[in-house]
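Reading through the structure tokens given below for one structure.
The shown structure was predicted, so the numbers you read here are calculated from the model rather than taken from an experiment. Naming convention: chains lettered A, B, ... in sequence-line order (proteins, then strands); numbering from 1 in each chain. Basis for what follows: all heavy atoms, side chains included, without hydrogens, waters or symmetry-related copies.
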Amino acid sequence: MKPKPKRVATKKILELLAEMYPDAHCELDFRNPFELLIATILSAQSTDRQVNIVTKGLFERYPQPENYIDLTEEELAKEIRGLGLYRNKSRNILQTCKILTSQYGGRVPESRAALEALPGVGRKTANVVLSNAFDVPALAVDTHVLRVSNRLALADSENPLEVEKQITRRVPRKEWTDTHHRIIWHGRRVCAARNPKCEVCDLLPYCWYGKNHMEPLTKSSHGK
DNA sequence: ATCCCGAGGG
DNA sequence: CCCTCTGGAT
């Protein structure tokens with residue numbers, strides 16, 4: 001027997017998120033689909049802040065896929081050394097740029113299948129590019145969305161694809177992209193992985209995790 | 001399941 | 001010190 005799904009005030013949570021973060025948007029710096037693709041590949045296990053520092057110089061020197069294909073892995077790695085996983089990312093970006101140049105005329109393809117076939121591009125990165133560069137509704141599930149949606153009980157899974165299905169099932173298609181950004185903003189500003197600021201969170205009355213997280217604190221501070 | 005992996009924060 | 005950051009490939 002599966003446990004009964006928790007009853008969640010989905011609509012209320014989504015309304016509050018929209019009020020709390022009316023200007024939520026992608027915080028990676030980019031000027032075109034190619035730059036967004038590279039920035040998103042670079043963003044794995046790295047802060048957007050650090051990615052923006054690295055891409056500022058990178059895109060100045062190498063604005064197009066054609067500018068990368070003659071670089072060695074070591075040369076590109078040196079450009080992105082300020083980021084974690086830089087060797088994998090260097091190899092993947094070089095391969096991706098070669099494919100973009102040889103198969104797509106230096107353009108970023110707009111189909112999910114073509115994007116996910118690029119080295120270093122999985123479902124999350126494809127969703128980010130589709131939604132932010134091509135206005136295709138998509139809900140990318142990254143570390144923030146995974147954590148926050150589970151805490152709010154908007155989802156109940158540690159599997160990103162499963163979480164994506166659960167959230168998109170609850171949210172109108174036109175709201176997918178904005179919802180993605182609002183959840184990320186909330187994850188960064190309030191619902192942090194380590195020290196979530198439940199005490200100042202407007203979602204606390206509707207948050208499954210927050211209620212169970214705050215209680216031990218209030219008990220111990222009262223309890224002696 | 002494991003590897004990759006620097007910078008920033010607590 | 002340890003944990004986390006818009007993951008993906010093997």
If every non-hydrogen atom of A:Val121 is compared with every non-hydrogen atom of A:Ala126, which pair is closest and at what distance?
CG1-N, 3.9 Å
Of all the heavy-atom pairs spanning A:Val108 and A:Leu115, show the shortest one and how long it is.
CG1-CD2, 3.8 Å
Taken in chain and number order and not counting sequence neighbours, the residues that satisfy side chain to side chain donor-acceptor pair (under 3.5 Å) with A:Asp142 are none
Return a single string for nucleotides 4-10 of chain C, one symbol per nucleotide in 5' to 3' order, where B is base contact, S is sugar-phosphate-only contact and - is none, cutoff 4.0 angstrom on heavy atoms.
SBBBSS-
Can you name the closest pair of heavy atoms from A:Arg112 and A:Asn127 and give their distance?
NH2-OD1, 2.7 Å
Looking only at atom P, what distance separates C:dT6 and B:dT2, rounded to whole Å?
25 Å
A:Phe34: partners by ring-ring contact (aromatic ring centres under 6.0 Å, His included), with sequence neighbours left out
A:Tyr68
Donor-acceptor pair, side chain of A:Ser90 and main chain of A:Glu73, under 3.5 angstrom
yes
A:Trp185: ring-ring contact (aromatic ring centres under 6.0 Å, His included) partners, not counting sequence neighbours:
A:His25
If I pick the P atom on C:dG8 and the same atom on B:dA7, what distance separates them, to the nearest angstrom?
22 Å
What integer number of Å spans the C1' atoms of C:dC5 and B:dC5?
12 Å
Please find the earliest and latest nucleotides of DNA chain B, in the 5' to 3' direction, that have an atom within less than 4.0 Å of any heavy atom of chain A.
B:dC4 to B:dG10
Which donor-acceptor pairs under 3.5 Å do side chains of residues 186-202 of chain A form with protein atoms, sequence neighbours excluded?
{"residue": "A:His186", "atom": "ND1", "partner": "A:Tyr21", "partner atom": "OH", "Å": "2.7"}
{"residue": "A:Arg188", "atom": "NH1", "partner": "A:Glu27", "partner atom": "OE1", "Å": "2.4"}
{"residue": "A:Arg189", "atom": "NH2", "partner": "A:Glu27", "partner atom": "OE2", "Å": "3.3"}

Please tell me which of A:Asn195 and A:Gly84 maps to the more 5' nucleotide of DNA chain B, matching each residue to the nucleotide holding its nearest heavy atom.
A:Gly84
